[in-house]
K.L.:
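Dropping a structure here in structure tokens format, bear with me for questions.
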Amino acid sequence: MSFQSLVGREVSGLRVRVVENGQQFVGKIQFMDMDRGRMGMVVDKGELQLFYQRDVDEVIELGDENKALDVKADESISKLENLDIRAPAVQVDRVSKVQRVVEGQSRVMGEEEMKKIFNEVRPDKPEVPYYLNKDPRRNQHLENLHHINMSDLLGHKPPPHQEEVEMLSDTDSCGLSFQQLPAVTQSSKPRMDANGHALHGGWQEKRIRERLWETPDTPPHIETPGRLYVVREVGDRFEEAVDRISHSGVVGLSLEGEMLGREGVLCWVNICNTRDVFMFDIIALGEQAFKFGLRSVLQDSELMKVVHDCRQVNDCLTHQWGVTLSNVWDTMAGDMVFSTQHVYDGFVPQYARSLAHLLKDYLGIADNKIYFPRYRRSHLAYDSSIWQSRPPPTHLVLGAARNTLYLLALYKVVRAATLLPFERAVHILNSHVKEKDDPDADHMAFESRLLPSRVRGVLPEWRQDREKLEDRGLFIDDNFIHQNVGNPDPVLIFSKDSMHQATPHREQFSPYRSIFEGQETGREREPKPSPVPRLY
């Protein structure tokens with residue numbers, strides 16, 4: 001029976017069976033709109049279903065069945081209406097028995113059976129989009145966070161992605177004991193954070209490797225020291241260390257301590273040559289370290305000292321120990337010069353880059369062979385106080401050595417980078433005359449006052465194209481460019497406003513656990529804000 005059989009009739013409440021695409025739907029008609037050819041029906045499941053005439057195969061009226069059900073329902077309602085609520089309990093017992101009609105058969109159900117049926121009834125709910133079905137009390141971002149042991153993260157234990165390295169002990173030809181440093185590993189592959197995500201070095205790393213490496217996939221060959229000497233007292237070991245350093249020509253220098261500067265605490269002075277790394281324990285040696293050798297070494301103008309960021313180093317030595325550092329070659333300054341010339345078209349980088357950045361970009365040192373210091377800027381003094389630990393843990397000794405042993409290799413590559421235009425100009429001058437034929441060579445003997453035109457091609461062209469750099473997302477402030485320095489530490493994952501460790505296995509950490517839960521509370525020393533907040 002089609003929609004046409006329902007035209008002109010009062011069909012609201014009429015019980016029908018609708019056949020559509022082979023499926024049958026039974027329910028009561030709510031409305032009929034013949035102008036648009038549609039019908040609304042409440043199916044037995046309780047849902048409002050909309051049917052269009054063009055899709056419906058057949059409509060069957062269920063008038064008799066509907067009537068029978070209505071009659072039974074009316075009888076039940078009338079019985080309930082005639083009950084006297086003031087009657088004794090015997091009459092109330094009749095209420096607990098209701099006649100149920102199922103396919104023409106009737107039977108009496110008890111109260112418990114009725115409760116069971118009503119408890120099992122669950123109306124079908126329409127599907128809701130997933131974004132509307134979220135529990136407002138749950139936060140997916142918070143579920144991904146987990147407990148951070150801040151003490152371990154800040155260097156009190158070896159990094160979680162590295163096994164604690166055991167350095168073997170040996171004795172040199174002079175009878176002095178030393179520790180064997182682990183071998184160095186280089187790689188051109190992208191950095192990997194602790195979650196296994198690739199961290200590309202960006203435009204700056206690309207330009208460095210294109211211009212300084214033999215190929216972008218071939219790191220430069222480097223040689224690093226292999227022996228570590230820890231000096232804790234003035235004696236034969238101290239004198240031998242000072243003597244070897246004095247005859248080296250070029251050494252690497254780094255300092256470790258609490259809040260390095262004129263008001264900080266100097267704990268270690270680390271110096272290396274091509275074969276050895278010497279760590280002088282300033283807490284144990286005190287003023288004697290400078291009185292009997294280190295002052296003369298650091299002030300020697302004939303001995304070049306390679307440092308990364310000499311600002312706090314020189315401030316500490318000058319104001320606390322009366323040492324005037326001389327003949328310094330700063331790798332941070334070399335990186336700034338190269339980046340200004342060959343990366344940012346004459347704009348000076350606004351932000352300094354750490355030693356870890358340079359070791360990755362220039363030398364391709366593997367992440368597990370680099371020491372990453374982790375200091376909170378608001379608690380710099382407390383976090384850097386780990387260098388006062390005595391005896392120092394192995395991972396800190398190795399970290400201090402790694403902050404020093406790469407400096408000479410880095411110096412060679414960064415120095416070549418800063419002298420790149422100069423070396424190319426020398427090459428042009430060296431070959432300009434000898435490659436000419438005899439007549440041209442004779443003519444050039446009288447024109448030596450003129451420089452070859454090819455020299456202009458090797459010098460950097462500082463056009464300072466602001467639009468070009470701004471298109472790459474770089475903000476320019478006067479002659480400074482605000483470059484994206486990035487995070488070289490593979491253990492730390494930076495979000496918009498917080499810092500987290502790598503995501504652990506979900507079974508080991510429950511969500512919604514406070515990040516402060518389980519932290520040590522009985523520390524001997526509480527964190528204190530730094531008087532001069534700085535971030536290394």
K.L.:
Which pair of non-hydrogen atoms, one from Leu260 and one from Cys316, has the smallest distance, and what is that distance?
P.N.:
CD2-SG, 4.3 Å
K.L.:
May I ask you to check whether over 12 heavy atoms, not counting those of Asp236, lie within 6.0 Å of atom CG?
P.N.:
no
K.L.:
What residues, two or more places apart in sequence or in another chain, satisfy side chain to side chain contact (heavy atoms under 4.5 Å, CB included) together with Pro190?
P.N.:
Ala198, His200
K.L.:
Go through the structure and list residues passing ring pair (Phe, Tyr, Trp, His ring centres under 6.0 Å) with Trp213, not counting sequence neighbours.
P.N.:
none
K.L.:
Tell me every residue that passes ring pair (Phe, Tyr, Trp, His ring centres under 6.0 Å) with Tyr229, counting only those two or more places apart in sequence or in another chain.
P.N.:
Phe178, Phe278
K.L.:
How would you list, by chain and number, every residue that makes a ring pair (Phe, Tyr, Trp, His ring centres under 6.0 Å) with Tyr362, sequence neighbours excluded?
P.N.:
none
K.L.:
Between Thr224 and Tyr406 (side chain of the first, backbone of the second, donor and acceptor by atom type, cut-off under 3.5 Å), is there such a pair?
P.N.:
no
K.L.:
Which word best sums up how the rings of Phe238 and Phe280 line up, parallel for under 30°, tilted for 30 to 60°, or perpendicular for over 60°?
P.N.:
perpendicular
K.L.:
If every non-hydrogen atom of Asp361 is compared with every non-hydrogen atom of Arg353, which pair is closest and at what distance?
P.N.:
OD2-NH1, 2.6 Å
K.L.:
Please check if the side chain of Lys360 supplies one atom and the backbone of Ala366 the other of a donor-acceptor pair under 3.5 Å.
P.N.:
no
K.L.:
Of the non-hydrogen atoms in Ser385 and Glu258, which two are nearest, and what is the gap between them?
P.N.:
CB-OE1, 3.7 Å
K.L.:
Determine all donor-acceptor pairs shorter than 3.5 Å in which one atom belongs to a side chain in residues 420-431; sequence neighbours excluded.
P.N.:
residue : atom : partner : partner atom : Å
Ser431  : OG   : His427  : O            : 3.0

K.L.:
Under the salt bridge (charged side-chain N to carboxylate O under 4.0 Å, His left out) rule, what pairs show up with a residue in residues 310-328, not counting sequence neighbours?
P.N.:
Arg262-Asp315, Asp309-Arg311
K.L.:
Side chains of Ile283 and Gln388: does their closest heavy-atom pair fall under 4.5 Å?
P.N.:
yes
K.L.:
Looking at residues at least two apart in the chain, or sitting in another chain, which of them share a side chain to side chain contact (heavy atoms under 4.5 Å, CB included) with Ile386?
P.N.:
His156, Tyr371, Leu396
K.L.:
Can you sort out the partners of Glu223 under side chain to side chain contact (heavy atoms under 4.5 Å, CB included), two or more places apart, ordered by chain and number?
P.N.:
His221
K.L.:
Whether the side chain of Arg390 engages the backbone of Trp387 through a donor-acceptor N/O pair (distance < 3.5 Å, no angle test) should be reported.
P.N.:
yes
K.L.:
Please assess Leu407 against Val251 for the test side-chain contact (heavy atoms from CB on, under 4.5 Å), listing each intermediate value before the final yes or no.
P.N.:
CA-CA 8 Å; Leu407 288 174; Val251 296; over 6 Å; no
K.L.:
Is any side-chain heavy atom of Leu285 less than 4.5 Å from a side-chain heavy atom of Val234?
P.N.:
yes
K.L.:
For residues 290-303, pull every pair meeting side chain to side chain donor-acceptor pair (under 3.5 Å), keeping only residues two or more places apart or in separate chains.
P.N.:
Glu287-Arg295
K.L.:
Tell me, please, which residues at least two apart from Thr215 pass side chain to side chain donor-acceptor pair (under 3.5 Å).
P.N.:
Thr218
K.L.:
Tell me which pairs pass salt bridge (charged side-chain N to carboxylate O under 4.0 Å, His left out) where either residue lies in residues 239-250, with sequence neighbours left out.
P.N.:
Asp172-Arg244, Glu240-Arg244, Arg244-Asp276
K.L.:
Under the side chain to side chain contact (heavy atoms under 4.5 Å, CB included) rule, collect the residues that match up with Ser339, sequence neighbours excluded.
P.N.:
Gln204, Asp335, Val343, Tyr344, Pro349
K.L.:
Restricting to non-hydrogen atoms, name the atom on Leu253 and the atom on Thr404 that form the minimum distance, rounded to 0.1 Å.
P.N.:
N-CG2, 4.5 Å
K.L.:
Please report the shortest heavy-atom distance between Ser384 and Ala381, naming the atom on each side.
P.N.:
OG-O, 3.4 Å
